[in-house]
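Since the structure comes first, as structure tokens, the remarks are kept for the end.
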Number of protein chains: 2
Amino acid sequence: MLPNDTDSLSLTFAALADPTRRAMLARLAQGPATVKELAQPFTLSMPTISKHLKVLERAGLIQRGREAQWRPAQLQAAPLRDVSAWLEDYRQHWEANFDRLQDYLRKIQKGDS
Amino acid sequence: MLPNDTDSLSLTFAALADPTRRAMLARLAQGPATVKELAQPFTLSMPTISKHLKVLERAGLIQRGREAQWRPAQLQAAPLRDVSAWLEDYRQHWEANFDRLQDYLRKIQKGDS
DNA sequence: TAGCTAATTAGCTAAATGGTAAAGTATGCA
DNA sequence: TGCATACTTTACCATTTAGCTAATTAGCTA
């Protein structure tokens, strides 16, 4: 989409579309961590880690501080709340075999019972 | 991430990271639709619409049929259920001012009360 | 058969993404 | 002051993505 691909939900979903970044969030759910701590599980270079963190920050999923030479990151879950709210409209579609129910309703509406 | 960026959750999040595709899903939540019907609200060319549908299909978010020259698409919500499940681990982080609570707990643990 | 409609495929461009190495910034400490 | 540590910035590369036009496939209908 050309017009405004930077809406908040799009930014959040794009940030979550990478397993490295999701792993980082999982780590941050345990509490704040420095960049080095966040990098430790991966074989990626530091600049790459920095980039991932910037993506998470731009999506509002983390907030960053300064303590001496460290830049601790902290989880910010508000965008996840928004994702959850977006999902709610679809909940009925995956609960209670909704798809099969829909098929049935369409059938009988056509008089195809 | 070089190794295996095609895990299911990543595919789903990537598919959802586009407002056009989310609008298509919203339309499909009302019931199946043809490609042309799905294209109608947008100023995009048909090939572009086709591509978006392919992304949604690859993520398992829609299923496609054949009826004469039409290719009706139907919402498949299972991947959204997976997203919802993934989100659950973070729910506590956005509910009940969890962040401020966390700050407080960290403070008193440091004896900084 | 010809022609219309629906949709996809092919081939292109521009921009974004994820990775790298090398250089630069900022802080603490000997 | 000088060095080590923790990160970021810069510059580059390859791949993917989102868009386009033009051409092609598929099916209905006259």
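The chains referred to below are lettered A, B, ... by the order of the sequence lines, with proteins before strands, and numbering in each begins at 1. As the structure is a prediction and not an experimental result, all values here were calculated from the model.
Distance F42(A) CZ to dG18(C) C1': 14 Å, rounded to the nearest Å. For R66(B) and dT25(D), the CZ to P distance is 14 Å, given to the nearest whole Å. If you measure from atom CG of D18(A) to atom P of dT16(D), you get 14 Å, rounded to the nearest angstrom. Rounded to an integer number of Å, the gap from E67(A) CD to dG28(C) P is 11 Å. The CD atom of E57(A) sits 13 Å away from the C1' atom of dC7(D) (whole-angstrom rounding). For I62(A) and dC7(D), the CD1 to C1' distance is 13 Å, given to the nearest whole Å. Between the P atom of dA21(C) and the CD1 atom of I49(A) lies a distance of 13 Å, rounded to the nearest Å. Following rounding to the nearest Å, L44(A) (CG) and dC7(D) (C1') show an atom-to-atom distance of 16 Å.
At the phosphate of dT8(C), neither OP1 nor OP2 sits under 4.0 Å from any side-chain N or O atom of K51(B). For dG19(C), the OP1/OP2 oxygens have a side-chain nitrogen or oxygen of H52(A) closer than 4.0 Å. Close to dG18(C), at under 4.0 Å from its OP1 or OP2, lies no side-chain N or O of T48(A).
The existence of a salt bridge linking E57(B) and K54(B) is excluded, since no basic side-chain nitrogen approaches an acidic carboxylate oxygen closer than 4.0 Å.
Q76(A) has its side chain out of reach of H93(B): every pair of non-hydrogen atoms, C-beta onward, lies at least 4.5 Å apart.
With sequence neighbours excluded, the residues that form a side chain to side chain contact (heavy atoms under 4.5 Å, CB included) with W86(B) are L16(A), R22(A), L25(A), L80(A), L9(B), F13(B), Y90(B). Residues meeting the side chain to side chain donor-acceptor pair (under 3.5 Å) test with T48(A), sequence neighbours left out: S45(A).
With both pairing distances under 3.5 Å, dG19(C) is matched to dC12(D) as a Watson-Crick or G-U wobble pair.
No donor-acceptor pair under 3.5 Å is formed between the side chain of R66(A) and the backbone N or O of P72(A). R81(A) places no side-chain N or O within 3.5 Å of a backbone atom of W94(B) that could act as its donor or acceptor partner. A donor-acceptor distance shorter than 3.5 angstrom exists from the side chain of E37(A) to the backbone of T34(A), with no hydrogens or angles considered.
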For nucleotides 2-7 of chain C, which of its nitrogen or oxygen atoms have a protein nitrogen or oxygen under 3.5 Å away, and what is each distance?
residue	atom	partner	partner atom	Å
dA6(C)	OP2	K36(B)	NZ	2.9
dA6(C)	O3'	Q69(B)	O	3.4
dA7(C)	OP1	V35(B)	N	3.3
dA7(C)	OP1	R71(B)	N	3.4
dA7(C)	OP2	K36(B)	N	2.8

